[in-house]
Structure formats: structure tokens, C-alpha cells
Student: 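Got a structure for you, written out below as C-alpha cells; questions coming shortly.
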Amino acid sequence: MAILERNQTRRDPAQGSPPAPAIAIASVVLSMALVAVGNGLMFAYIPVRLGAEGFDPTWAGLIVTGLSAGGLAGCILTGPLVRRVGHARAFMVLSALIVLSNAAVGAGPHPLSWIAARALYGFAICGLFIVAQSWLNDVIANTIRGRVMAFFYVAYVAGLGVGYSTLALIDIRAADAPLVGIAFTALSILPVGLTRLAQPPPPQAASVVLGRAWRISPVGVAGMLAVGGLSMTISGFAPIHATAKGYSQADVALLLSAMPIGTLILQIPLGWISDRTDRRFVLVAASALAMVAGLFALGFDGGALTALVVIYVVWAGASESIYSLASAHAADRAGKDDMVALSSSLLFAWSLSGFIVPGIVTGLSAVYGTQAFIHVAIVIATVFCLFVLWRVVAMSPVPAAETGNFAPMSAQAPLPVELAFAPEEQRGRSDDPHSIGYRSRL
């Protein structure tokens with residue numbers, strides 16, 4: 001997914017300010033990677049533990065829905081928190097909420113309390129992304145921005161993979177997983193607590209204007225709506241379904257830890273192609289691949305683990321690629337004055353879909369079984385593919401000279417709401433195409 005860069009002039013080394021030290025930048029990246037390890041483990045642990053305790057899979061689905069609801073609240077409420085206490089303190093507060101969430105899960109398998117705990121986690125993790133990304137975007141120089149942010153996303157996705165794989169090493173009936181999650185989250189506070197990285201100025205409220213974003217890029221908004229549902233459905237319900245089908249704890253850990261590989265591998269060639277052609281063609285290909293992979297997941301459901309791992313790697317990678325491609329396409333069609341509102345609106349659309357779709361899947365699972373998530377994901381990918389095909393026919397592409405560049409990103413590490421700059425500063429930006437905010441850069 002393309003980073004929607006801010007449109008305002010920033011403190012920049014080229015303008016005489018010293019660059020942020022690499023070790024200071026790395027502190028934020030390291031903190032989020034450590035958070036990811038604990039998060040990945042908890043994502044895998046909860047459905048497996050509930051299955052081992054004999055709870056109906058619907059409870060695990062409700063927990064995913066609760067997490068998504070918390071994320072939607074985090075999208076809205078993180079701005080006021082950061083305005084009140086600043087980026088560093090907000091990061092620590094949100095990390096403390098994740099610790100509390102994991103502690104509540106560690107108290108024992110009580111589904112109602114787990115729903116509340118994971119809603120708290122959803123709020124906190126969405127807030128952490130907003131804080132971390134807006135902080136990095138403020139202090140890094142234009143010349144290295146793309147590399148730093150790409151490294152940020154790779155580090156987080158790799159941390160998730162490590163966390164997923166850790167499930168195979170723990171006692172599922174003990175509180176080992178929540179304790180490990182607490183430990184990694186506590187460790188994540190240390191780099192930020194000790195960092196010398198300068199904090200951005202107090203942020204102003206970010207605007208969410210879905211109607212305006214739709215007028216700028218229907219495909220971009222539709223892509224966020226599609227991938228919000230796809231990402232939360234596949235990542236949230238794959239371990240629930242695998243546990244319900246009788247796969248072992250180690251099997252579930254292997255399946256989940258392999259899925260981020262597809263996210264990292266597929267986006268590079270798809271992004272390279274999208275920089276050289278109409279991105280909508282690549283979005284059609286990615287959504288069609290997600291649809292076909294879903295059909296294979298349905299056909300091989302309950303079969304050999306090796307085949308399922310390959311299918312889910314492709315399925316997750318194709319679905320996550322829609323996130324980066326749709327964001328880049330939206331940025332290509334946006335003017336400089338639109339970037340801030342567009343970024344906020346895309347994040348809100350992603351969060352809204354990530355809340356609504358898991359709730360629908362949970363209801364369908366109660367009636368048709370946990371396999372319902374595969375059917376829902378296939379429908380979402382198909383509808384989005386057809387919509388983009390219609391837009392290809394109806395609208396001309398963006399001229400190649402006006403498009404930005406692509407770099408791999410993940411729906412597991414969503415776009416930040418533009419928190420760091422006041423509206424009056426947005427009017428003082430440069431028209432240099434190499435400055436921040438002139439289209440999309442990665």
C-alpha cells in the first residue's frame with residue numbers, strides 16, 4: 001500500500017535541521033516489532049484455547065468482532081489522546097492497555113471478559129499504529145522516507161509471524177501465552193521510553209470525509225472497504241476454523257506463521273507492475289487471485305496441511321496486496337490539498353469494514369459453521385474485482401507522469417490518520433514533486 005504522504009512542509013535535513021539519528025528512528029520500529037510478537041501469539045492462542053476448552057467457535061468470532069469494534073474506536077479517539085499527552089506518553093498508555101488486555105485473557109477462559117479485553121486491545125493497537133507512523137513521518141527525511149516506512153511494515157509483519165509460530169511452543173491450557181504477550185509488550189515500552197527522537201508538535205483533529213474520498217477515488221475507497229473485511233476475516237477466522245476442523249496446535253501455528261510470507265512476497269512484483277501500468281489492472285489481478293485462492297481453500301478444506309499452507313500464503317498475500325494497491329491508486333488521483341482527509345477517510349473505511357464484516361461472519365458461522373468465512377471472503381473479492389473492472393471501462397487511467405511509487409505494506413499495519421500537523425500548516429507546502437505530500441511516495 002502506498003503511504004499517503006503529508007502535504008505540508010516539514011522539518012527536513014535539506015532545510016538545515018539535523019536528521020533524526022538512525023538509532024532513534026529504530027527505537028520506534030523496534031517497539032512495534034516487539035508488540036507484534038505478542039500480538040501474533042495472542043491472535044493464534046485465543047481460538048485454540050477456546051477450542052481446547054470446548055467453547056462454541058461463535059465465541060471466538062465474537063471476540064474478533066469485539067477487537068474490530070475497539071479498532072474503530074481507536075481510529076476516532078487516538079487523536080484527542082495524543083493532543084492531550086503527546087506521542088511518547090500516548091504510546092506508553094496504549095501499550096499499558098495491551099498489557100491489561102493480555103492480563104484479562106490470562107485470568108482464564110471467560111468469553112465475555114475476553115470480548116472486552118480484545119476490544120481494549122483493538123483500541124490500543126490501532127492507536128499505536130497512528131502514533132508510531134505519524135511520529136516517524138514527522139521526523140524522517142524525504143530521501144529515506146520510503147525505505148524507513150517499508151522497513152517498519154516488514155518488521156511488524158515479521159514480528160507477527162514470529163508470534164504466530166510461538167504458539168507451537170507453549171502450554172495451551174496454562175497462562176503462558178498471555179504472559180509472553182505481556183512480556184513483549186512491556187519490552188516494547190523501553191525503546192520508546194528511552195528514545196531521544198523528537199516529538200511532533202501537538203496534532204489537530206483529522207477529518208474523515210468519506211463522500212469526498214469517494215469522489216476522488218471510488219476504487220481506493222472500495223479497496224479499503226474490501227480489504228478491511230478480507231484482512232480481518234482471513235486473519236481472524238483462519239485459526240478459529242482450523243481449530244474447529246481438528247488441526248493441532250502446532251498445525252495452526254504453522255498455518256498462521258506462513259501467511260505473512262505471502263504478504264511480503266506477492267506485493268513486490270505486483271507493486272512493480274502497478275508502477276508501470278494502470279494500477280486498476282493489477283487490482284483486478286490481485287482480487288481475482290484472492291477469489292481463486294479462496295475457492296481452493298474451500299476445495300481443500302480439511303485436507304493436507306501442506307496444501308492448505310500454500311493456499312493460505314497465496315490467499316493472504318493477494319488479499320493484503322489490495323490494501324497497498326488501492327491506497328496507491330487513491331493517492332495517484334488525489335490533489336495535494338486532498339491527502340490529509342483522504343488518508344483519514346481510507347483508514348476509517350478500512351476500520352469500518354473490519355468491524356462490520358467479522359460481525360456478519362460470526363452470525364453466519366453460528367448457522368452454517370466456521371467455513372462461512374471462506375464464502376464471505378470469496379464474495380468480497382469477487383464483488384471488488386467486478387467493481388474495478390467496471391471502473392476500468394468507465395474511467396480513463398491516471399497519466400503515468402502523475403502517478404507515485406509503490407512499496408509493500410500490510411493491512412495488519414494500517415494507514416495512519418494524519419495527526420501531526422495543524423490545518424494552517426497544510427497551506428504552506430511546496431509544489432516540488434519531490435516534496436512530501438506531492439502524490440504518493442514509498
Side-chain angles (χ1 to χ4, degrees), residues 36-61 63-64 157-174 176-177 180 230-267 289-321 358 361 364-365 368-378 380-381 410-412:
V37 176
N39 293 350
L41 175 58
M42 294 303 291
F43 257 110
Y45 166 77
I46 286 176
V48 175
R49 177 66 189 276
L50 290 177
E53 297 291 340
F55 287 97
D56 188 278
T58 303
W59 282 109
I63 289 171
V64 173
V157 172
L160 283 179
V162 171
Y164 291 146
S165 63
T166 306
L167 179 69
L169 307 177
I170 66 159
D171 181 357
I172 197 66
R173 293 188 178 275
D176 295 1
V180 171
L230 281 172
S231 176
M232 289 305 301
T233 296
I234 296 173
S235 64
F237 287 86
I240 297 172
H241 181 60
T243 301
K245 296 293 288 187
Y247 288 97
S248 70
Q249 178 180 334
D251 292 343
V252 174
L254 176 61
L255 181 65
L256 291 178
S257 60
M259 287 166 61
I261 297 174
T263 300
L264 298 178
I265 292 176
L266 283 183
Q267 291 195 59
L289 183 58
M291 176 185 64
V292 171
L295 292 172
F296 273 94
L298 199 59
F300 285 82
D301 192 33
L305 180 64
T306 302
L308 280 180
V309 167
V310 173
I311 291 168
Y312 274 71
V313 165
V314 175
W315 197 18
S319 300
E320 296 278 329
S321 296
V361 174
L364 292 175
S365 297
Y368 300 107
T370 56
Q371 194 183 60
F373 89 98
I374 303 178
H375 295 275
V376 171
I378 292 171
I380 292 173
S410 169
Q412 301 301 313

Student: Looking only at heavy atoms, which two atoms of A316 and T263 are closest? And how far apart?
Tutor: O-OG1, 4.2 Å

Student: Which heavy atom of L308 sits nearest to which heavy atom of A297, and what is that distance?
Tutor: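 Answer, listing the atom of L308 first, then A297: CD2-O, 4.5 Å.
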
Student: Run the side chain to side chain contact (heavy atoms under 4.5 Å, CB included) test on I311 and F300 for me, step by step, so that the C-alpha distance in whole Å, both residues' side-chain angles and the decisive distance to 0.1 Å come before the verdict.
Tutor: CA-CA 9 Å; I311 291 168; F300 285 82; 3.7 Å; yes

Student: Might you point out which heavy atoms bring I240 and P47 nearest each other, and give the distance in Å?
Tutor: CG1-CB, 3.6 Å

Student: May I ask you to decide if V162's main-chain N or O and S165's side chain share a donor-acceptor pair within less than 3.5 Å?
Tutor: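 Yes, S165 side chain to V162 backbone: donor-acceptor pair under 3.5 Å.
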
Student: Between atom CE of M259 and atom OH of Y164, what is the distance when rounded to the nearest 0.5 Å?
Tutor: 6.5 Å

Student: Tell me if a side-chain donor or acceptor on Q249 pairs with a main-chain N or O of I170 at a distance below 3.5 Å.
Tutor: yes

Student: Working to the nearest 0.5 angstrom, can you tell me the gap between D171 CG and R49 CZ?
Tutor: 8.5 Å

Student: Evaluate the side chain to side chain contact (heavy atoms under 4.5 Å, CB included) criterion for residues V314 and F296: first the C-alpha distance (whole Å), next the side-chain angles of each, then the deciding distance (0.1 Å), finally the verdict.
Tutor: CA-CA 10 Å; V314 175; F296 273 94; over 6 Å; no

Student: As a quick check of understanding, evaluate side chain to side chain contact (heavy atoms under 4.5 Å, CB included) for L50 and I63, giving each step before the final call.
Tutor: CA-CA 11 Å; L50 290 177; I63 289 171; 3.6 Å; yes

Student: Taking the side chain as C-beta and beyond, is there a heavy-atom pair between L364 and V376 under 4.5 Å?
Tutor: yes

Student: Side chains of V180 and V37: closer than 4.5 Å at any heavy-atom pair?
Tutor: no

Student: If you compare all heavy atoms of V309 against all heavy atoms of A258, which two are closest, and at what distance to 0.1 Å?
Tutor: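 Of all heavy-atom pairs spanning V309 and A258, the closest is CG1-CB, 3.6 Å.
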
Student: Hey, what do you get for CD (E320) to CG (L266), rounding to the nearest 0.5 Å?
Tutor: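 Nearest 0.5 Å value for the CD-CG distance: 10.5 Å.
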
Student: How long is the span from the CG atom in L295 to the CD1 atom in I378, to the nearest 0.5 Å?
Tutor: 4.0 Å

Student: What distance separates L41 CG from L256 CG, expressed to the nearest 0.5 Å?
Tutor: 10.5 Å

Student: Between T243 and G51, what is the shortest heavy-atom contact and its length?
Tutor: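 Of all heavy-atom pairs spanning T243 and G51, the closest is CG2-CA, 4.0 Å.
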
Student: Do you know the tightest heavy-atom contact between A253 and L167?
Tutor: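 Answer, listing the atom of A253 first, then L167: CB-CB, 3.9 Å.
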
Student: Please round to the nearest 0.5 Å and tell me the distance separating atom CZ of F237 and atom CD1 of I374.
Tutor: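 Reported value, rounded in 0.5 Å steps: 12.0 Å.
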
Student: Please report the C-alpha distance between L264 and V157 in whole Å, then the side-chain angles of each, then the deciding distance to 0.1 Å, and finally whether the side chain to side chain contact (heavy atoms under 4.5 Å, CB included) criterion is met.
Tutor: CA-CA 8 Å; L264 298 178; V157 172; 4.1 Å; yes

Student: Mind checking ring pair (Phe, Tyr, Trp, His ring centres under 6.0 Å) for Y312 and listing every partner two or more places apart, or none if nothing turns up?
Tutor: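 With sequence neighbours excluded, Y312 shows a ring pair (Phe, Tyr, Trp, His ring centres under 6.0 Å) to W315, given in chain and number order.
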
